[in-house]
Amino acid sequence: ALETFMEASRILYPYLEPVGVMDAKFLDIVACPPDSARQAHIRCTRVVSKGSETVCEATLETQEISPTGRLMDRMNSNYRALIALGRPRVLDRFPEDFPILPEKLETRPMDNNEVLRKYAEKTHMQGRYRVIESLDGTIQGLIRGHIVYRDTNDFSGSIRTKYQYCPYLLEALMQLVNFYILMRDTHEDRTLIPYGIGEVRFSRKCLDGERIKIEGRMRKQDQEGITWSSRAVDLSGSVIMVVKDLKMRWFSK
C-alpha cells in the first residue's frame, strides 16, 4: 500500500523523490479469495507544499464483500497515509535515545539458523518475508539485530523490481517487535500486526547484499498492543531509515 501511494505521488510530482510517510493507517486488509480479482481505487491529492517538501494524501479503497462473497455497493477504506516528497536528508540525529549499546543487552543472541527456525516454528512467513538475518539480543524495551538486504523480483516478467523505497527494510523494522516478544516471552502465542505508523523517514535505498543493523525501542505497551520506534543503520554508521510511533496490535489466530 505504501509503495502504491508513493508511485501515485510521483505521478503528480515526477521531479521529486519520496522521502517519508506520515500518519499511515492500515485499517483493513484487502481480502482476495482464490481465483478471483479485486479492484482497488487509489486517490492521491496534494495537501501542502512547505519549504523543500510537498505532502500528498493518499487512500486505497475497495468494494465491500458480503459473507457470501458478493461485491456490495459500499466502499471500504483499507489504507491511508501522507507521503512526503522532496530531497533526501541526513537522519543521523534522531531518534535521540539511539543507538542501543551492545553492553546493555541481557538475552542471548540468535544466529541465522535459529532465526530461520523461529520463522518456521512461530510464523507463516516464507521466502522474501524472512528478512531478519540475526539478533544480538534484548533488554527490557529494547532489541537489536541485523539484516542482509536482497533485491527481489516481485512481479512477473520484471528483470528487477524498482521500488520507490525499501519495503523489506520497513518489514524488518516491524518484525523486530514480534521477535522481541518471542525472545522475552516464550508463552505468548499471539502475533502483533501493524496498525499504523506515525512517521517513516528514509535517506536512501539499500544496496543488494548490504548488511544493515536494525534496532528498536518500545514506547508504550497496553492490552491493545505495542508502540515502537526503530531505525536502520549501515556499516558506516549512517541512518538509512527511521520509524516513529509504529503501532502494532495483538492478533489471535
Side-chain angles (χ1 to χ4, degrees), residues 1-6 18 20-30 60 78-83 91 94-95 98 100 110 115-116 118-119 122-136 138 141-150 152 154 163-185 188 190-203 205-206 210 212-222 224-233 239-253:
L2 296 183
E3 174 70 18
T4 300
F5 292 163
M6 292 181 202
V21 177
M22 296 165 290
D23 195 25
K25 295 288 192 301
F26 312 131
L27 305 172
D28 193 9
I29 63 171
V30 180
L60 187 149
N78 300 90
Y79 307 99
R80 67 170 181 263
L82 299 173
I83 305 298
L91 302 175
F94 67 100
F98 284 78
I100 297 169
M110 280 189 186
V115 169
L116 291 176
K118 294 300 182 183
Y119 271 124
K122 300 294 185 178
T123 78
H124 296 290
M125 294 180 178
Q126 302 288 332
R128 62 186 182 270
Y129 289 104
R130 296 184 176 185
V131 290
I132 293 178
E133 184 200 39
S134 61
L135 294 162
D136 296 337
T138 72
L142 302 170
I143 187 171
R144 196 185 68 193
H146 294 85
I147 73 166
V148 176
Y149 199 87
R150 301 295 184 190
T152 60
D154 286 336
Y163 285 112
Q164 300 296 316
Y165 79 124
C166 292
Y168 294 109
L169 182 57
L170 179 59
E171 177 73 20
L173 294 176
M174 291 191 291
Q175 287 186 20
L176 271 181
V177 186
N178 274 309
F179 270 97
Y180 170 82
I181 298 297
L182 188 151
M183 294 180 80
R184 297 190 69 87
D185 187 356
E188 179 59 69
R190 295 175 298 174
T191 300
L192 287 158
I193 59 174
Y195 176 74
I197 304 176
E199 185 175 14
V200 181
R201 289 281 172 173
F202 33 91
S203 61
K205 295 179 184 177
C206 302
E210 184 175 11
I212 299 166
K213 179 174 71 175
I214 54 176
E215 47 191 0
R217 184 182 293 272
M218 186 191 301
R219 302 302 188 191
K220 178 184 176 183
Q221 183 174 13
D222 55 31
E224 289 189 342
I226 297 177
T227 300
W228 206 260
S229 291
S230 54
R231 72 175 192 172
V233 183
V239 179
I240 302 174
M241 181 179 288
V242 171
V243 179
K244 295 182 178 181
D245 294 328
L246 166 64
K247 294 177 176 63
M248 304 284 288
R249 288 196 172 179
W250 293 111
F251 175 78
S252 298
K253 297 177 182 179

Requested in this report: Quick one: do Met248 and Asn178 satisfy side-chain contact (heavy atoms from CB on, under 4.5 Å)? Show the steps, please.
Outcome: CA-CA 9 Å; Met248 304 284 288; Asn178 274 309; 4.2 Å; yes
Query raised in the report: Where do Met241 and Val200 land on the side-chain contact (heavy atoms from CB on, under 4.5 Å) test, with the steps shown first?
Result: CA-CA 7 Å; Met241 181 179 288; Val200 181; 4.0 Å; yes
Query raised in the report: Could you walk me through whether Val30 and Leu60 pass the side-chain contact (heavy atoms from CB on, under 4.5 Å) check?
Result: CA-CA 10 Å; Val30 180; Leu60 187 149; 4.0 Å; yes
Report task. Please test Arg150 against Tyr168 for side-chain hydrogen bond (donor to acceptor under 3.5 Å, both in side chains), starting from the C-alpha separation and ending with a verdict. Result -> CA-CA 9 Å; Arg150 301 295 184 190; Tyr168 294 109; over 6 Å; no
Requested in this report: Quick one: do Phe26 and Tyr79 satisfy side-chain contact (heavy atoms from CB on, under 4.5 Å)? Show the steps, please.
Outcome: CA-CA 5 Å; Phe26 312 131; Tyr79 307 99; 3.7 Å; yes
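Contact between His146 and Lys213 at its shortest, heavy atoms only, is CD2-CA, 3.8 Å. Of all the heavy atoms in Tyr119 and Ile132, the pair that sits closest is OH-N, 3.1 Å. Nearest approach of Ser203 to Leu91, heavy atoms of both residues: N-CD1, 3.7 Å. The minimum heavy-atom distance between Ser230 and Leu173, with the atom names listed, is OG-CB, 3.5 Å. Contact between Cys166 and Cys206 at its shortest, heavy atoms only, is SG-N, 3.0 Å. Pairing each heavy atom of Tyr149 with each of Leu169, the nearest pair is CE1-N, 3.5 Å.
In this view, Arg217 and Asp97 satisfy the salt bridge (Lys or Arg N to Asp or Glu O under 4.0 Å) rule, not counting sequence neighbours. Checked against side chain to side chain contact (heavy atoms under 4.5 Å, CB included), Thr138 has the following partners two or more places apart in sequence or in another chain: Thr107, Ile143, Tyr180, Met183, Arg184. Checked against side chain to side chain donor-acceptor pair (under 3.5 Å), Asp245 has no partners two or more places apart in sequence or in another chain. Under the side chain to side chain contact (heavy atoms under 4.5 Å, CB included) criterion, Asp28 pairs with Asn76, Asn78, not counting sequence neighbours. Here Glu215 pairs with Arg231 under the salt bridge (Lys or Arg N to Asp or Glu O under 4.0 Å) rule; sequence neighbours left out. Checked against side chain to side chain donor-acceptor pair (under 3.5 Å), Lys25 has the following partners two or more places apart in sequence or in another chain: Asp23.
Taking CZ of Arg130 as the reference point, atom CD of Gln175 lies at 10.5 Å (rounded to 0.5 Å). To the nearest 0.5 Å, atoms CH2 (Trp250) and CG (Asp222) are separated by 10.5 Å. Within the model, atoms CD1 of Ile181 and CG of Leu192 stand 6.0 Å from one another, a figure rounded to the nearest 0.5 Å. Rounding to the nearest 0.5 Å gives a distance of 11.0 Å between CZ of Phe179 and NZ of Lys122. Rounded to the nearest 0.5 Å, atoms CD1 (Ile214) and CD1 (Ile240) are 11.5 Å apart. Taking NZ from Lys247 and CD from Glu224, the interatomic distance works out to 11.0 Å, rounded to the nearest 0.5 Å.
Side-chain N or O atoms of Gln221 include none that pairs as donor or acceptor with a backbone N or O of Gly141 at under 3.5 Å.
In this structure, the side chains of Met125 and Val131 stay at 4.5 Å or more apart for every pair of heavy atoms.
With respect to Leu170, the side-chain contact (heavy atoms from CB on, under 4.5 Å) criterion is satisfied by exactly one of Leu2, Val21, Leu246: Leu2.
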